[in-house]
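Numbers restart at 1 for each chain; the letters A, B, ... are given by sequence-line order, proteins then strands.
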Amino acid sequence: MNEHFFTEGMNTQQAAAITAGAGPVLVLAGPGSGKTSVLTRRIAWLIREQRIPHHRIMAVTFTNKAAGEMRSRVEALLGDRMRGLQIGTFHAICARFLRREAESLGYRRDYVIYDSDDQVALVKQVVKRLGIDPKKFNPRAILGKISNAKNEMIGPDEFQSLDYFSEIVKQVYTAYQAALRAANAMDFDDLLLNMVLLLRGSDMLRDAYQQRFETVLVDEFQDTNSVQYELVKILAAPQNNVFVVGDEDQAIYAFRGADYRNVLRFRENYPDPTVILLEQNYRSTQNILDVARAVIDNNRDRTPKHLHTDQGRGERITVFEAYDERYEAEYVLEQIQQLRMQAGLDYQDFAVMYRTNAQSRAMEQAFVNQSTPYVLVGGVGFYKRREVKDMLAYLRLIHNPDDRVSFERIVNVPARGIGKKSLAAFLDWVAHAGMTIGEALNRLYYDDPTPLSTAAEKKFRAFADLLSSWQEMAKVGDLVNMFDNITAQTRYYMHLDDTSNLPEEAAERADNVRELRGLLEYALEYEQPLHEFLAEQSLVADVDTLKDGAEAVTLMTLHSAKGLEFPVVFITGLETGILPHFRAFEELDGISEERRLFYVGVTRAKRSLYLSYAFRRALYSGGGTLSRPSEFLADLPRHLLDGSPLTLANLNKAQSLESQTRWDDSSSSVSRLERDLKSNTVTPSDSKIRSKIIPFPGIKPEAKNDTPFKVGANVSHPKFGRGKVIGVENKGEIVSVLFDDLGLKKILADADGFTALDE
DNA sequence: CCTGCCCGGGTTTTT
DNA sequence: CCCGGGCAGG
């Protein structure tokens, strides 16, 4: 095996990336440019040619599925098992490290991981305990703020309370973190943040981890957030052998704190990195690439790429207008059946993509009606099902009796006579005695006196006894037997019958419980400890459950589709308000992100691409409202499109809302909205958007329209230095500036010394 | 004091 | 359309 083995069949750029020398390397990889091959071969090359022991390599992927694939590809290249090679998502890798280091953070090593549902449940508990009205202050909104803060590495103490809402958030944040600790639980964000805090806080530990990892590789680098960036930075130091692969055009996780400008930051942070551009596409036809480019070229502030392929033009892209979402689904199915007959394609060659999970319903219905096999990625997936979460809560409580969220979930499921009042009394007792849930249950088990009423005490005692008996079974290691004992003792299957509307529903839910039992059985066969099994269950992503080779059409959101490819792709619901999603209009850079999402969808297709929209769409059953074709359709080159004359003519009307509001638009056509803006009359849609932007406190209401700060203008600020305007809000009073050194900041237009440099 | 029923409200994307 | 919360009956 020689060096060329790992670069065989690769193009010059790919080979250069695979065999790049030590130090920072940035690979800008367009879609379909073979980045997975590059990453896996790089790892194999490092192990074989550079003699780096495989356990001293860390590779971060975006999903567990990608991690599994990467591991097996590396193993196939090297013909050897690679146990100890750290491949996984940021979350999974941190969870593993923290399992070992938990104690230095004041956690126990058997800590549990709270997923988003658990997080919401805990925030709700905390909000109620603090006497805050959850109707006035939406727990999900509060959680969102907390999560953002954690992603920016801002703790509860440093959290700035600028207004009443953020003061509430600060309070909840503080109490929420305390509650997590009391429950010996970390949420998703804690996994990353705690790891950073740990490494920052201890020279010894930091040295140990830095020593351990000779080199760090990161996939989908454009979707890293601040904590993740920091983590990579710390772990890769001091030798800075850091190899990142990314594509700014595929950044679709800003809502989760991801910042594609980390790619730019990387170039500034590491002196003189090796930069490699992968532009040769091995996936799609030229027509698909041309359409993709037409989409993404509308985004500003990006490194232009020139994707090309040897595969020829291929067929044109089909655009279809359906009457409503049901017809749209029927159309998709018709095309699938036809292509299967004519082109000899299999079901697994097709994928149907949509912006929101809710859109899958109509699609699923059509697949069921036509008895066409499909797999649904995400949605109300297996792990989110009530019955599965219930049973997992039992397992988690057995494993960690302090787990408050799990306790509250199942203490009365199935109903065992412990209602709201009894639970409140119990929790009061726990709080006043300064105990954890587990300690209280322990006291009950040993028949210690409690302040509870006799009736309530009896019921809680019975529960504590049951829990203890399961814990005994768990100790002996017979987990499947224990599982069966839980369902038997609690009469869980009967409970499912009682709480289901239809017998079929009960049967389906019972199946889900049995499937979880099967997973547990499987885990035991591989001698996986319970805590590991539970951690794995919390960290599964929707797409992770997607198996290859199933004879079925794949249905999924555009987000889930990232990193995948299919011969035939349908992107449905190309309507204003759906793609781009209406929420995006309120967000800074929102439309650009929607466009990237569309771009990701388009570039999943290998040979055929179908774009569809409905004339009328019902969000939930009943009526439905008229919709308008997505503005993105108007951007597509007409000579590459196929469709009925009426549909194609319609696209002319798909006026781009964004180009209407783009203030630096240099095109000659002056839209109505632009004129309106200039004459200071605001259209309904515009005022609707504006009204949702909450002005900063202390801003004078008078509007100023003659702002010198236009999008794209270069500006200077006495404190923040030089930067570029990327957005203007509130009629020019607030300017969003991307500063060269400090990143994005919002500045008041009349701030002292804040000036425009050109014009 | 618990359970079942009804009504109203809210719905992007995910590790 | 589905969930969660509030209310009345048991």
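- When the P atom of B/dT14 is taken as reference, atom CG of A/L564 falls 13 Å away, rounded to whole Å.
- In this entry the distance linking CG of A/N148 with P of B/dT15 reads 17 Å, nearest Å.
- Between the OH atom of A/Y354 and the C1' atom of B/dT11 there is a distance of 16 Å, given to the nearest Å.
- With B/dT12, C/dG4, B/dC1 as the choices, the nucleotide that has an atom nearest any side-chain atom of A/R583 turns out to be B/dT12.
- Counting heavy atoms from C-beta on, the side chains of A/V232 and A/T224 never come closer than 4.5 Å.
- Closest to the side chain of A/H581, out of C/dG4, B/dT12, B/dT15, is B/dT12.
- Atom pair A/L191:CG and B/dT15:P shows a separation of 14 Å (rounding to whole Å applied).
- If you run side-chain hydrogen bond (donor to acceptor under 3.5 Å, both in side chains) between A/Y114 and each of A/D190, A/D403, A/D187, only A/D403 comes through.
- For A/S116, the side-chain atoms get nearest to B/dT15 when compared with the rest of B/dT15, C/dG4, B/dT13.
- One can place NZ of A/K150 at 14 Å from C1' of B/dT15, the figure rounded to the nearest angstrom.
- Spacing between atom CZ of A/F62 and atom P of B/dT14 amounts to 10 Å, rounded to whole angstrom units.
- When the P atom of C/dC1 is taken as reference, atom CD of A/Q359 falls 17 Å away, rounded to whole Å.
- If you look at A/F460 and A/F426, their ring centroids are closer than 6.0 Å.
- Along DNA chain B, the nucleotide nearest to A/A584 and the one nearest to A/K459 differ in position, and the one closer to the 5' end is contacted by A/K459.
- For the pair A/Q228/A/L192, a side-chain contact is recorded, criterion being any heavy-atom separation below 4.5 Å from C-beta on.
- Between A/K65 and A/E69 a salt bridge is recorded (basic side-chain N to carboxylate O distance below 4.0 Å).
- Comparing B/dT12, B/dT14, C/dG5 by their closest approach to the side chain of A/T356 singles out B/dT12.
- Taking a centre distance below 5.5 Å and an interplanar angle below 30 degrees as the stacking criterion, A/H559 does not stack against the six-membered base ring of B/dT13.
- The side chain of A/H91 lies closest to B/dT15 when the candidates are B/dC2, B/dT12, B/dT15.
- One interatomic measurement links the two molecules: CG of A/D115 to P of B/dT14, which rounds to 14 Å at whole-angstrom precision.
- Of all non-hydrogen atoms in A/S630 and A/L579, the two that sit nearest each other are OG-O, 2.8 Å.
- Contact of the A/M195 side chain with the A/L199 side chain is registered, since non-hydrogen atoms from C-beta on lie closer than 4.5 Å.
- Below 30°, between 30° and 60°, or above 60°: for A/F137 and A/F165 the angle between ring planes is below 30°, a parallel geometry.
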Can you check nucleotides 3-9 of chain B for protein contacts, nitrogen or oxygen pairs under 3.5 Å, and list what you find?
{"from": "B/dT3", "atom 1": "OP1", "to": "A/G417", "atom 2": "N", "distance (Å)": "3.3"}
{"from": "B/dT3", "atom 1": "OP2", "to": "A/N412", "atom 2": "ND2", "distance (Å)": "3.2"}

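- Among A/F62, A/Y354, A/F598, A/F255, the one residue that satisfies the ring-ring contact (aromatic ring centres under 6.0 Å, His included) test with A/H559 is A/F255.
- Between A/Y492 and A/H495, the ring planes are tilted. Angles from 30° to 60° get that label.
- Distances shorter than 4.0 Å separate some side-chain N or O of A/N357 from OP1 or OP2 on B/dT13.
- The nearest heavy atom of DNA chain B to A/E594 and to A/Q119 marks one nucleotide each, and the one closer to the 5' end goes with A/E594.
- The side chain of A/S560 approaches B/dT14 more closely than any other nucleotide in the set B/dT15, B/dT12, B/dT14.
- The stretch residues 250-259 of chain A touches DNA chain B through A/Y253, A/F255, A/R256, each having a heavy atom under 4.0 angstrom from the strand.
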